[in-house]
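Basis for what follows: all heavy atoms, side chains included, without hydrogens, waters or symmetry-related copies. So that the names make sense, note that chain A is the first sequence line, chain B the second, and so on, each numbered from 1.
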2 protein chains.
Amino acid sequence: MSHVTLEDVARAADVSLATASRALNGRRVTPHLHDRVLAAAARLAYTPNAHARALAGASRRSVGVVCHDVTDPYFAAVAGGVMRVAADNDLLVMLASTFRDPEREIAYVSMLRAERAPAILLIGSGFEDPRWERAMAAELAPYLDGGGRVAVVSRHRTLKVDSVLPENRAGAAELARALLGLGHRRFAVLSGPPELTTVADRLGGFRDELTAAGVALGPGAVAEAAFTRDGGYRAMTELLDRGLDATCVFACTDVMAVGAYAALRDRGLSVPGDVSVAGFDDIPVVRDLTPPLTTVALPLHRLGEEAMNLALTENTGRRRRIVRLPGEVVMRASTAPVA
Amino acid sequence: MSHVTLEDVARAADVSLATASRALNGRRVTPHLHDRVLAAAARLAYTPNAHARALAGASRRSVGVVCHDVTDPYFAAVAGGVMRVAADNDLLVMLASTFRDPEREIAYVSMLRAERAPAILLIGSGFEDPRWERAMAAELAPYLDGGGRVAVVSRHRTLKVDSVLPENRAGAAELARALLGLGHRRFAVLSGPPELTTVADRLGGFRDELTAAGVALGPGAVAEAAFTRDGGYRAMTELLDRGLDATCVFACTDVMAVGAYAALRDRGLSVPGDVSVAGFDDIPVVRDLTPPLTTVALPLHRLGEEAMNLALTENTGRRRRIVRLPGEVVMRASTAPVA
DNA sequence: TAGCACCCTGAAAGCGCTTACTGAAAGCGC
DNA sequence: GCGCTTTCAGTAAGCGCTTTCAGGGTGCTA
C-alpha cells in the first residue's frame with residue numbers, strides 16, 4: 001500500500017519538493033524543470049494524495065449530497081442535475097442515500113462535515129419533527145460557522161439555509177383549478193407521510209383551491225402511504241376498499257400515481273374512463289404510461305443544478321437565498337372532462 | 001473557516017492529544033478521563049478532520065463508484081444496492097456520473113485514486129476501444145499495486161479485476177428460445193452502441209440462439225441507437241421506416257423498449273397485437289407499462305450489492321473473483337404467440 | 001564594473017491526526 | 001519490602017502536501 005509521493009517525483013526529477021509541487025500545480029517554474037517534473041510524475045504514475053493536499057490547505061473540489069433514495073426516479077433526476085454540474089466543474093460528489101431514515105441523514109451530514117466538504121446539499125423533503133430539526137440544526141450550525149455552505153432542495157422552511165424550492169403549493173393549486181375546469185367536483189387524494197413538508201404543501205395547496213371553489217375534500221377521501229410505487233398502490237386500494245366516491249384522484253407524487261394505475265387496473269377500472277388521475281413531478285416515465293399522466297411538471301434537473309449553483313457560490317448578502325422554481329401543469333390523457 | 005481541533009478538545013478536557021485521540025477512538029482510557037474527553041468534544045461540537053485521520057494512517061471508510069448515468073433507471077437500481085450496503089457499513093460513497101464519456105470515466109478514476117479510496121467500483125458496460133482500455137488499465141494498475149481494490153459490474157472482460165457479471169449472453173439466448181417458442185420467426189433488434197460489451201453479449205446471445213434454430217437476423221433487422229428511451233424511439237422509428245418485417249422486436253435494454261413502445265404507439269401499432277416487444281433488465285417501471293413488458297429480469301440491486309461485497313473484502317486467492325448473476329426470462333403481456 | 005531589482009529555487013514550518021515509544025505509577029510474588 | 005510485570009498517560013515522530021521565507025542567480029541601470 002505504499003504510494004508514490006511527491007518526494008519520489010522530486011527526487012526523480014532532481015528538484016526540490018517545493019518545485020515539484022509548483023510545477024504540478026501550474027505555478028511559474030522554469031520550463032525546463034517543469035517538463036522534467038511532469039515527465040517524472042507521468043513515469044512514476046504519481047497521483048497526489050488528496051488528503052495531504054486538503055490538510056495542507058489546498059481547497060477541496062468536492063461536494064456532499066444527501067438524498068432520500070437514489071433509486072427513486074425523482075431523486076435520480078435531481079441527482080442527475082447535480083452530477084452534471086459536478087462533472088462540468090470537476091467536482092467529486094460524495095453521495096449518501098438515507099433510505100428515508102432521519103437518523104441516518106444526520107449521521108451522514110456529520111460524516112460529510114468530517115470530510116470537510118466545502119458544501120453540503122440536502123435533497124428532499126425535511127421531517128417535521130422538532131427533535132430532528134433541532135438535531136439537524138445543531139449539526140449544521142458549526143459547519144456553517146466554519147465557512148461551510150449548505151443548500152437544500154425542497155426542504156423544510158425552518159432550516160435557515162439557501163434553498164431551492166419547487167412551488168409545490170402553487171403547483172398543486174394550479175392543478176386543482178385545471179381539474180375543476182374539467183368539471184370534477186368529487187376528488188380523492190393519495191397522500192404521503194404527513195411529517196414531510198412536501199406533503200403538507202401539495203395537499204394544502206390542492207385542498208385550499210378546492211375549498212375556494214366550494215368543493216370539500218372529505219376526510220375519507222385522503223389515503224396516506226409511503227412516497228413509493230407500492231405506497232401508491234396501497235393507498236389507491238385502500239380508497240377503493242372504502243368505496244371510492246370520486247371522479248378524480250390526485251397523487252401527491254408521480255411515483256404514487258404509477259402504483260395507483262396498477263391498483264385501478266387490478267380492479268378493472270380504466271383511466272380516465274372510470275376515474276381521472278393526476279400526479280406531481282413529471283418524472284420521465286409518466287409520459288410513457290398508458291394513458292400518459294397529467295401532472296405538474298417540475299424542472300427536476302434544474303432543481304439539482306440550482307442547488308449546486310447555490311452551494312458553489314458564496315452568499316454575499318446577509319439573507320438566505322431562495323430559488324423558487326414553478327411547476328407547470330401538463331394535461332395529458334389521464335384526465336378527462338366529467339361526462 | 002477555523003475548525004475545532006483535537007488539540008482544542010484535549011486542552012478543554014485537560015489531557016494530552018494522545019489521550020483525547022484514544023478516548024474518541026474507543027481505546028482503553030481511564031473511565032474518568034474518557035468521559036471528560038467526550039464531554040469536551042460534545043461541548044465544542046468537535047468533528048474530526050477526516051483528511052488528517054487518513055493522512056495519519058487511519059483506514060478510510062469510503063468507496064468510489066463510477067457509473068454512466070445515475071438518471072438511468074438501470075444504474076439507479078444498481079446504485080441503490082451499492083448505497084444500501086454502504087449505509088449498512090457506514091461508508092461514504094463518492095459517486096461519479098460520467099454521462100457515458102470514456103474520457104471522463106478515466107478522469108474520475110484518477111480523482112478517486114487521489115482520494116485514496118480503499119475501493120473503486122466501475123458500474124456499466126466497458127468501451128471496446130483498445131486505446132481506452134490501455135489508458136484505463138494504466139490508471140488502475142498502480143492503484144491495485146498500491147493495495148486498492150477494484151470491482152466492476154457488467155464490464156469488459158479484458159479488465160482483469162473482480163467482476164460481477166450479469167449473464168447477458170445466456171439471458172438473451174433464453175429469451176430468444178422463449179420467443180421462438182411463441183412461434184416467432186421474423187425478428188428485429190434495437191441495439192445499443194456497438195462498442196459496448198453489453199451490446200455484443202446480448203445481441204450475440206440472441207442471434208446465436210436464432211441461428212441455432214435456423215432463423216436468420218437480417219442486417220436490416222438491427223437498428224443501433226443510444227441506450228436511452230429516445231434512442232429506443234429513434235431505433236424503432238428507423239426500423240419502421242425501413243418497412244419493419246418482423247413479428248417480434250427485441251430491445252437490448254428495457255429503457256430502449258420504453259422508447260419503442262412510444263414509437264409504435266405514434267405509428268398506431270399495438271403491442272403485442274401488431275408486434276411483440278421484449279426487453280432486458282427488468283427495471284422497476286416496465287411491469288407498469290401497458291402492456292407490461294416481457295423481459296430478462298436481472299437482480300439489479302444485487303449487482304450493486306455483490307460488487308460492494310467484492311470491493312469490501314480482500315481477494316485472498318490469486319485469481320480474480322467473478323460473481324455471475326443469471327437473468328430470468330419474465331413473460332408478460334407484451335409478447336404474444338404468433339397467430 | 002558595481003548596485004539594484006526580480007525571479008526562481010530550496011529549506012522548513014506546519015495542516016490535524018494516529019501511534020510507536022517512553023516513563024511513571026500501581027499491582028504482584030517472594 | 002524489593003524487583004518484577006502490567007497499565008495507562010504523555011511526548012514526539014511522522015503521514016504527504018502547500019506555502020512562506022530566505023537566498024542566490026540573472027539582467028538591468030548607472
Side-chain angles (χ1 to χ4, degrees), chain A residues 1-38 40-41 44-62 111 113-118 142 146-147, chain B residues 1-38 40-41 44-62 111 113-118 142-143 146-148:
Chain A
M1 197 56 172
S2 116
H3 278 275
V4 176
T5 72
L6 187 59
E7 194 182 347
D8 298 328
V9 175
R11 198 177 309 127
D14 195 29
V15 297
S16 74
L17 243 80
T19 303
S21 171
R22 280 188 281 252
L24 291 169
N25 287 306
R27 297 282 216 310
R28 277 210 69 71
V29 164
T30 305
H32 181 222
L33 293 186
H34 183 268
D35 294 349
R36 233 161 62 193
V37 171
L38 262 56
L44 299 176
Y46 169 69
T47 307
N49 183 322
H51 299 303
R53 306 188 71 174
L55 194 57
S59 70
R60 289 221 72 203
R61 304 203 57 72
S62 69
M111 287 179 76
R113 212 142 80 71
E115 293 290 327
R116 295 297 186 270
Chain B
M1 197 59 173
S2 113
H3 278 275
V4 176
T5 71
L6 186 60
E7 193 182 347
D8 299 327
V9 175
R11 198 178 306 127
D14 195 29
V15 297
S16 74
L17 242 81
T19 303
S21 171
R22 281 188 281 252
L24 291 169
N25 288 307
R27 297 284 218 307
R28 277 210 69 71
V29 165
T30 304
H32 180 223
L33 294 186
H34 183 266
D35 294 349
R36 236 162 61 194
V37 171
L38 262 56
L44 300 176
Y46 169 70
T47 307
N49 184 322
H51 299 303
R53 305 187 71 172
L55 195 56
S59 70
R60 289 221 73 204
R61 303 205 58 72
S62 69
M111 286 180 76
R113 213 142 79 71
E115 294 290 328
R116 297 296 186 268
Y143 178 71

B:Arg27: what forms a side chain to side chain donor-acceptor pair (under 3.5 Å) with it, not counting sequence neighbours?
none
Results of side chain to side chain contact (heavy atoms under 4.5 Å, CB included) for B:Thr19 - residues two or more places apart only:
B:Val15, B:Ser16, B:Arg22, B:Val29, B:Leu33
First contact, last contact: which nucleotides of DNA chain C are these for chain A, 5' to 3', heavy-atom distance under 4.0 Å?
C:dC8 to C:dG16
Would you compute the distance between atom CZ of A:Arg11 and atom CG of A:Leu6 and round it to the nearest 0.5 angstrom?
10.5 Å
Hits for side chain to side chain contact (heavy atoms under 4.5 Å, CB included) against B:Thr47, two or more places apart or cross-chain, chain-then-number order -> A:Arg113, A:Ala114, A:Arg116
With A:Arg60 via side chain to side chain donor-acceptor pair (under 3.5 Å) - residues at least two apart:
B:His51, B:Glu115
Point-to-point distance, once rounded to the nearest 0.5 Å, from CG of B:Asn49 to CG of B:Leu55:
9.5 Å
Atom-pair distance (CZ on A:Arg22; P on D:dT20), nearest Å
10 Å
Angle by which the axis turns from one end of the helix from C:dT1-D:dA30 to C:dC30-D:dG1 to the other, five pairs per end, to 10 degrees:
40°
B:Arg53: partners by side chain to side chain donor-acceptor pair (under 3.5 Å), with sequence neighbours left out:
B:Asn25
For DNA chain D, find the residues of residues 26-38 of chain B with a heavy-atom distance under 4.0 Å and give them by number; none if there aren't any.
B:Arg28, B:Val29, B:Thr30, B:Leu33
Test of understanding: with side chain to side chain contact (heavy atoms under 4.5 Å, CB included), list the residues that count as partners of A:Asp14, not counting sequence neighbours.
A:Arg36
Starting from P on D:dC17, measure out to CG on A:Leu17 and report it in whole angstrom.
8 Å
Results of side chain to side chain contact (heavy atoms under 4.5 Å, CB included) for B:Ala40 - residues two or more places apart only
B:Val9, B:Ala12, B:Ala13, B:Arg43
Over all atoms of both residues, closest heavy-atom pair of B:Leu44 and B:Val4:
O-CG2, 3.4 Å
Rounded to whole angstrom units, what separation is found between the CG atom of B:Asp14 and the P atom of D:dA9?
13 Å
Considering residues at least two apart in sequence or located in another chain, which fulfil the salt bridge (charged side-chain N to carboxylate O under 4.0 Å, His left out) criterion with A:Asp35?
none
How long is the span from the OH atom in A:Tyr46 to the CD atom in A:Glu7, to the nearest 0.5 Å?
11.0 Å
Does anything in residues 46-57 of chain A come within less than 4.0 Å of DNA chain C? Heavy atoms only, and list the residues if so.
A:Leu55, A:Ala56
Do the side-chain N or O atoms of A:Ser21 get closer than 4.0 angstrom to the phosphate oxygens (OP1, OP2) of D:dT18?
yes
